[in-house]
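Because the structure is a prediction, the values reported are computed rather than measured.
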Amino acid sequence: MLHQSLNVPDTNVQVQAVKAICAFILHHDKVIEIQKQFTDLLPNMMRITNESLMAETDDSLIKLLVDLSENAPKFLRSQLPNIIEMCLKYLGSTETSESYRQMCLEVVVTLAETAPAMMRKESSKYIIQLIGQVLELMATVEEDENWGTQDDPDETDQESMSVIAESALDRLACGLGGKTMLPHILSNVSTMLANPNWKYRHAALMAISAVGEGCHKQMLPMLPEILDGILTFLQDPHPRVRYSMCNAIGQMAADFAPTFQKKFHEKIVPAILLLLEDNLNPRVQAHAGAALVNFCEDCPKRTLLSYMDLIMVKLESILQARIADLVKGGGRRLVLEQMVTTIASVADTCEGDFVKFYDHLMPCLKEIIRNAVAPELKLLRGKTIECVSLIGLAVGQEKFLVDASDVMDLMLATHNKDEKLSEDDPQTSYLISSWARMCKVMGQQFEQYLPLVIGPVMAAASLKPEVALLDNEDMTNMTDNSEWQFVPLGEQQNFGIRTSGLEDKASACEMLVCYARELKTGFAPYAEDVVKLMVPLLKFYFHDNVRIAAAQSMPSLLECAETRGPEYLQHMWGYICPELLQAIESEPEPDVSAEMYDALGKCIELLGTGCLSDKWMKDLLHTLEKNLTSHFENELQRFERRKDEDYDEVVEERLALEDTDDVYKLSKMTDIMHALFVTFKTDFFQYFDLIVHQFAKLLDTDKSASDHQWGLCVFDDLIEFCGPGCAKYQEYFLRPMVAYVTDINSEVRQAAIYGCGVLGMCGGPSFAGVCAEIMPFLLQVINSSEARSVDNISATENAISAIAKILEYNSSAVNVNEILPLWLCYLPVSEDTDEAPFVYGYLCKLIESHHPLVLGQNNSNIPSLIRIIAEAFLRDAIDRTHTVAQRMIMIVRGIQANQEVFNASLAVLNPEQMKMLQSLLMTNN
């Protein structure tokens with residue numbers, strides 16, 4: 001019937017048939033077998049769609065093609081060349097209306113995103129044409145003589161063809177990858193850069209900005225040549241070309257950080273400083289400031305400090321000049337707004353070293369906050385408030401406290417007048433985040449302001465999103481749909497949510513977390529209201545960061561509630577726990593559920609035994625088992641996708657990223673197990689029995705290295721916190737743990753070695769034989785030729801620590817006289833600061849007990865022991881305030897009393913070790 005309908009003479013019947021087929025396919029978008037039954041209809045469907053494009057009377061079919069490309073791309077495989085040819089034909093036609101050209105471009109770009117491997121394989125011959133057309137469209141920017149001097153840029157061009165083409169190039173690069181895209185982009189760009197028409201030079205530089213993310217791997221080794229090519233346009237006669245060059249530098253600083261900053265700072269900083277001198281073109285000057293922000297954000301502090309004076313002289317001179325312009329009524333708000341943001345970024349990176357600019361900069365910034373009260377200056381005031389708070393955080397409490405109260409009064413001035421900041425006031429988001437920074441830098445002294453700031457923050461966090469159900473016509477007629485996000489519901493209806501306020505809501509939720517963490521008991525009066533707000537937000541699916549902040553707030557709010565007594569604390573936990581457990585079970589995003597697991601673990605450790613009822617415990621284990629099952633299924637799916645006909649190296653990169661997300665979630669699930677073992681110890685066994693098989697499965701030889709690592713971590717915690725009782729589960733962990741001590745993966749090796757160490761320390765005498773069996777493997781790890789490499793050092797030092805634990809606690813089956821001298825030769829340890837206190841604690845115990853093998857005949861080993869201690873402190877292996885460090889210092893002082901032995905010890909030290917020893921001896925107890 002459908003086949004016949006596609007071939008009847010009536011155009012309307014044909015169109016309706018295409019719509020019916022598309023609706024059916026979209027309804028079965030995951031069922032490939034059903035889709036295959038309809039592939040014979042595709043040629044006629046594309047013929048009818050092509051005819052509708054020629055007529056330009058009905059855009060519904062090209063929109064449906066976009067939907068199919070997004071949801072059922074494999075269905076289109078047999079017609080892919082024809083679809084691309086059709087889309088490129090109309091995309092390249094200047095006679096086709098702009099909206100139809102945009103939709104044809106959207107079809108191709110969507111296919112590149114949803115079926116990139118298929119597109120790379122089936123459509124390689126069209127890539128050159130596609131890239132050429134997209135770059136040509138990027139050069140269709142309009143002439144505007146006043147563009148460079150606009151102080152309030154018009155953003156209405158966001159829907160222009162050039163901007164849409166730029167976004168398409170970015171998406172194509174991310175979808176198809178740099179190996180496919182970059183060679184053709186660069187060949188086009190090099191020609192465009194030589195074009196006398198400024199529009200092509202502008203488009204070429206914007207193209208370089210756009211593809212950094214998608215072509216990251218391929219561009220990285222080419223950065224020197226690309227940067228040199230960009231910098232030749234530093235003094236291009238057209239301001240928009242200089243602007244796009246600036247944009248390229250800023251974007252590359254973000255995409256390739258921190259490599260870009262480390263390698264090219266000597267070229268980048270002078271270039272940006274030169275662009276900052278463009279006083280005749282505020283948009284170029286401001287964009288140079290924005291590029292400097294990107295450069296500073298990920299720039300190593302030491303690198304930026306070498307330019308700090310030079311940068312700040314330039315920024316302050318522009319700041320003063322633009323303030324003077326503003327006072328005279330000369331405008332230039334755009335540059336002024338950017339300068340305060342850039343100054344804040346420099347301060348944020350330089351931290352305490354920024355203090356030299358504080359005294360002459362702070363009064364100027366306070367004056368802006370005090371006087372920028374006109375409606376058109378609200379954004380400037382908000383950004384200056386942000387700048388002041390970041391400077392305060394950078395220079396620290398001691399320096400900032402003298403101005404902190406005055407700054408808070410200025411920040412609160414608007415709020416006190418109007419009682420409530422309007423949702424569209426540009427100051428609102430800056431105030432909310434700045435108050436949190438003021439809280440961090442002022443500490444408990446911020447409590448006095450809490451009653452004044454909590455209202456606006458709670459109001460922003462309580463914002464209910466605006467939603468709408470619109471038909472296609474209403475959606476098209478919206479005056480400002482940039483603040484809305486729409487999801488199509490069928491052919492005519494669209495569900496929309498206003499996204500503009502969601503970032504402010506997320507930011508406010510994060511600030512509430514900050515107040516609770518920083519002020520603790522000082523925040524207690526607000527804890528109940530905040531809990532009532534935050535718990536429902538665990539299921540606020542419109543914005544991930546809102547749910548993350550809600551989860552992160554839970555342990556801090558419980559800590560605040562402790563001051564009101566155990567009964568109140570239990571009441572609050574009774575409200576939180578079931579909702580948090582449900583949220584974890586239903587959470588669709590791996591990174592969000594990982595944060596929820598983290599929060600739950602912290603709550604359990606905070607509250608201790610008795611915090612989980614039998615039902616809650618079983619609910620938690622049910623969710624863990626469900627998530628672990630999903631984890632194994634995801635691994636299997638990735639294995640199957642590697643067999644797909646479209647599998648290639650770019651697909652493998654995507655699969656690796658998916659695996660990273662899964663592993664992060666797995667790590668947080670094991671953190672929950674850590675919390676349960678720490679809190680309940682052997683009482684948890686009755687519940688662990690229900691799920692142990694899933695964690696044991698992680699140790700199977702056919703599982704990934706990350707599975708082995710995190711599976712071992714669970715059993716490490718079992719041994720460490722449940723002691724000899726762990727023997728109950730040795731059938732699951734013992735053989736894998738011993739086998740993985742010499743695993744090729746260093747992280748797996750480290751997890752296994754740590755487990756062997758705690759087995760010796762906590763497992764009890766029943767594991768004495770195993771400890772002796774493990775010893776040769778530990779020695780093998782330490783004696784490996786690559787044992788001290790960057791990748792292996794943590795596992796190696798864990799092995800040194802594991803030997804110490806076995807020797808001290810479970811050495812009955814070990815030849816101590818043979819192993820101990822070897823162990824001494826492996827010292828010092830310095831990289832694994834978690835294990836160092838135990839290693840040096842054991843060393844102190846041996847020295848303090850005058851162990852003959854350690855001290856040597858006639859104390860001959862003492863110089864070597866002194867050298868080990870000096871080197872440990874020289875490498876910051878242990879904090880001087882640690883009790884073990886104090887024992888080490890006391891041992892040195894004790895040896896100092898024997899001048900002859902001490903002089904012999906000094907003779908073997910190098911100058912750095914000698915200086916460190918002198919410093920230790922001057923340390924007060």
Answer whether the closest heavy-atom distance between the side chains of [X] and [Y] falls below 4.5 Å.
X	Y	answer
Asp717	Thr670	no
Thr679	Phe721	no
Trp435	Leu412	yes
Leu390	Ile343	no
Gln338	Gln285	no
Glu337	Pro426	no
Ile548	Asn545	yes
Ile249	Phe295	no

Distance-minimising heavy-atom pair for [X] and [Y]:
X	Y	answer
Ala877	Ser830	CB-CA, 3.6 Å
Ala253	Phe260	CA-CD2, 3.5 Å
Ser794	Asp832	O-OD2, 3.9 Å
Cys387	Val340	SG-O, 3.2 Å
Pro363	Tyr358	CD-O, 4.2 Å
Ser345	Cys296	OG-CB, 3.3 Å

If we ignore angles and hydrogens, is there a donor and acceptor under 3.5 Å between the side chains of Glu595 and Tyr664?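 The answer is yes; a qualifying pair exists.
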Show your working on side chain to side chain contact (heavy atoms under 4.5 Å, CB included) between Tyr449 and Asp409 and close with a plain yes or no. CA-CA 9 Å; Tyr449 298 104; Asp409 291 341; 4.0 Å; yes
If you count heavy atoms of other groups shown closer than 6.0 angstrom to [atom1] of [X], is the number above 12?
X	atom1	answer
Lys915	NZ	no
Lys301	NZ	yes
Lys440	NZ	no

Is it true that [X] and [Y] make a salt bridge, defined as a side-chain N closer than 4.0 Å to a carboxylate O?
X	Y	answer
Asp359	Lys399	yes
Lys602	Asp598	yes
Asp544	Arg547	yes
Glu367	Arg370	yes

Lys505 charged N/C atom sitting above Phe542 aromatic ring, 6.0 Å / 45°: no
Is a side-chain N or O of Ser433 found less than 3.5 angstrom from the main chain of Ser429, in a donor-acceptor match?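 Flag set: sc Ser433 to bb Ser429 pair under 3.5 Å.
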Say whether, by atom type as modelled, one donor and one acceptor occur between the side chain of Gln427 and the main chain of Gly382 under 3.5 angstrom.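 It does not hold such a pair.
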Parallel, tilted or perpendicular: ring planes of Tyr515 versus Phe446, cut at 30 and 60 degrees: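 The arrangement is parallel - the two ring planes meet at less than 30°.
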For His360 and Phe357, take the angle between the two ring planes, folded into 0 to 90°, and tell me which bin it lands in: parallel under 30, tilted 30 to 60, perpendicular over 60.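 It falls in the perpendicular class, over 60°.
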Mind running side chain to side chain contact (heavy atoms under 4.5 Å, CB included) on Met442 and Met408 for me, showing each step along the way? CA-CA 11 Å; Met442 294 176 73; Met408 279 302 301; 4.1 Å; yes
Carefully, step by step, assess Arg437 and Glu386 under the rule side chain to side chain contact (heavy atoms under 4.5 Å, CB included). CA-CA 9 Å; Arg437 291 189 204 101; Glu386 176 187 55; 3.8 Å; yes
Working to the nearest 0.5 Å, report the span between [atom1] of [X] and [atom2] of [Y].
X	Y	atom1	atom2	value
Cys364	Glu316	SG	CD	8.0 Å
Thr428	Asp504	OG1	CG	7.0 Å
Glu587	Tyr597	CD	OH	11.0 Å

Steps toward side chain to side chain contact (heavy atoms under 4.5 Å, CB included) verdict (Ile311, Leu304): CA-CA 9 Å; Ile311 290 171; Leu304 190 59; 3.8 Å; yes
